[in-house]
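Taking it in order: structure first as structure tokens, then the write-up.
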Amino acid sequence: MKKVYVTEEERISCRKVMEAFSEMYEEQDIIVVEAGNYGFVRLQWLREREFEIARVYSDSGELFDDLWEIWFDYHVLMPVLGTSAVELDYEEIFRLLPEDKQEELVRKREYFQSLCGDTIKQANTQ
């Protein structure tokens, strides 16, 4: 008998999270794939024909929080690349952004949550 590391309920929830963040896969060198009984795997593109397995998930809340953090960090950092602000941590950079941009980023988390529905366990908020 095969050992199962993810419940069917969490498989469905993780699949929703994976699909909710699909736009991120187009802009970053990252993807999440389903790994059968093992759950879901976040892969990071290294170079031609090579991926790094960054993490394995069997909990939709953890998957959501990690993907959100990656998405958030990327979108906070991109506007300051090439400036001295790049030396600051993400929270400091976020506070430097115009208020409307901060609100836009917060609304984006709500958007991702709405795509996932009520099935994910929310471990924490940004």
Side-chain angles (χ1 to χ4, degrees):
M1 180 177 193
K2 285 186 181 179
K3 186 155 179 142
V4 177
Y5 297 92
V6 62
T7 66
E8 188 58 32
E9 181 180 286
E10 278 301 300
R11 182 187 317 279
I12 292 166
S13 296
C14 286
R15 196 174 293 132
K16 285 183 179 182
V17 172
M18 177 183 77
E19 292 168 358
F21 283 89
S22 62
E23 71 181 51
M24 180 173 73
Y25 312 143
E26 295 296 320
E27 66 188 13
Q28 297 184 41
D29 293 335
I30 184 176
I31 191 163
V32 175
V33 296
E34 193 166 349
N37 292 333
Y38 299 101
F40 291 75
V41 178
R42 179 169 46 94
L43 300 172
Q44 183 87 31
W45 179 258
L46 294 177
R47 58 185 155 272
E48 187 69 30
R49 305 177 87 174
E50 243 183 87
F51 281 100
E52 171 186 318
I53 296 177
R55 186 143 181 223
V56 178
Y57 301 88
S58 60
D59 179 276
S60 59
E62 288 178 20
L63 178 58
F64 182 92
D65 288 343
D66 283 356
L67 292 178
W68 167 251
E69 186 174 330
I70 293 166
W71 186 94
F72 181 82
D73 291 351
Y74 177 82
H75 285 87
V76 167
L77 185 60
M78 287 308 293
V80 299
L81 284 180
T83 72
S84 60
V86 79
E87 300 296 324
L88 302 172
D89 67 31
Y90 292 116
E91 288 181 23
E92 291 171 317
I93 295 170
F94 181 76
R95 286 193 296 268
L96 290 176
L97 294 173
E99 191 172 321
D100 61 329
K101 183 65 174 175
Q102 291 178 21
E103 291 173 6
E104 178 186 325
L105 292 172
V106 170
R107 281 193 308 272
K108 191 65 172 191
R109 180 181 176 92
E110 294 166 356
Y111 167 75
F112 286 132
Q113 287 173 321
S114 72
L115 292 177
C116 297
D118 296 339
T119 60
I120 61 168
K121 302 176 211 166
Q122 290 302 303
N124 56 52
T125 57
Q126 190 72 19

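For clarity, every value in this text was computed on a predicted model and none was experimentally measured.
- Counting all heavy atoms, side chain and backbone alike, Ala85 lies closest to Leu96 at CB-CD1, 4.5 Å.
- Both Leu97 and Val86 are assigned to one and the same hydrophobic cluster, defined by single-linkage of ILVMFWY side chains at heavy-atom distances under 4.5 Å.
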Problem set entry | Step-by-step side chain to side chain contact (heavy atoms under 4.5 Å, CB included) determination, Tyr25 to Met18 | CA-CA 10 Å; Tyr25 312 143; Met18 177 183 77; 3.8 Å; yes
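- Here the two rings, on Phe21 and Phe112, have centers that are under 6.0 Å apart.
- Proximity of a side-chain donor or acceptor of Glu92 to a complementary backbone N or O of Asp89 within less than 3.5 Å is detected.
- Between atom CD of residue Glu62 and atom SG of residue Cys14 there is a gap of 9.0 Å, rounded to the nearest 0.5 Å.
- Checking His75 against Glu104 by side-chain atom types alone, no donor-acceptor pair falls below 3.5 Å.
- The stretch residues 77-96 participates, sequence neighbours left out, in these ring pair (Phe, Tyr, Trp, His ring centres under 6.0 Å) pairs: Phe72-Phe94.
- Side chains of Ser60 and Glu10: a donor-acceptor N/O pair is present below 3.5 angstrom, by distance only.
- Closest approach of Arg95 and Gln102 over heavy atoms only: O-NE2, 3.3 Å.
- Gln28 places no side-chain N or O within 3.5 Å of a backbone atom of Trp71 that could act as its donor or acceptor partner.
- Ile12 and Val56 fall into different hydrophobic clusters, defined by Ile, Leu, Val, Met, Phe, Trp and Tyr side-chain heavy atoms under 4.5 Å apart, directly or through other members.
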For this session: List the steps, then state whether side chain to side chain contact (heavy atoms under 4.5 Å, CB included) holds for Asp66 with Arg55.
Result: CA-CA 10 Å; Asp66 283 356; Arg55 186 143 181 223; 2.4 Å; yes
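- The existence of a salt bridge linking Arg107 and Glu110 is excluded, since no basic side-chain nitrogen approaches an acidic carboxylate oxygen closer than 4.0 Å.
- Under the side chain to side chain contact (heavy atoms under 4.5 Å, CB included) test applied with Phe40, the options Val17, Asp59, Val32 reduce to a single match, Val32.
- Salt-bridge formation is detected for the pair Asp65/Arg109: a Lys NZ or Arg NE/NH1/NH2 atom is positioned less than 4.0 Å from an Asp or Glu carboxylate oxygen.
- Residues Leu67 and Arg42 are in side-chain contact: their nearest non-hydrogen atoms beyond the backbone lie under 4.5 Å apart.
- Among all heavy-atom pairs drawn from Ala35 and Val41, the shortest one is CB-CG2, 3.6 Å.
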For this session: Verify side chain to side chain contact (heavy atoms under 4.5 Å, CB included) between Met78 and Leu81, making sure each step is shown before the conclusion.
Result: CA-CA 5 Å; Met78 287 308 293; Leu81 284 180; 3.6 Å; yes
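- The distance from atom CG of Leu43 to atom CG of Asp29, rounded to the nearest 0.5 Å, is 12.0 Å.
- Salt bridge Lys108/Glu23: present, at least one basic N to carboxylate O contact under 4.0 Å.
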Problem set entry | Stepwise side chain to side chain contact (heavy atoms under 4.5 Å, CB included) check, Val76 with Lys101 | CA-CA 9 Å; Val76 167; Lys101 183 65 174 175; over 6 Å; no
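- Separation of atoms CD (Glu91) and CG (Asp73) is listed at 10.0 Å; rounding is to 0.5 Å.
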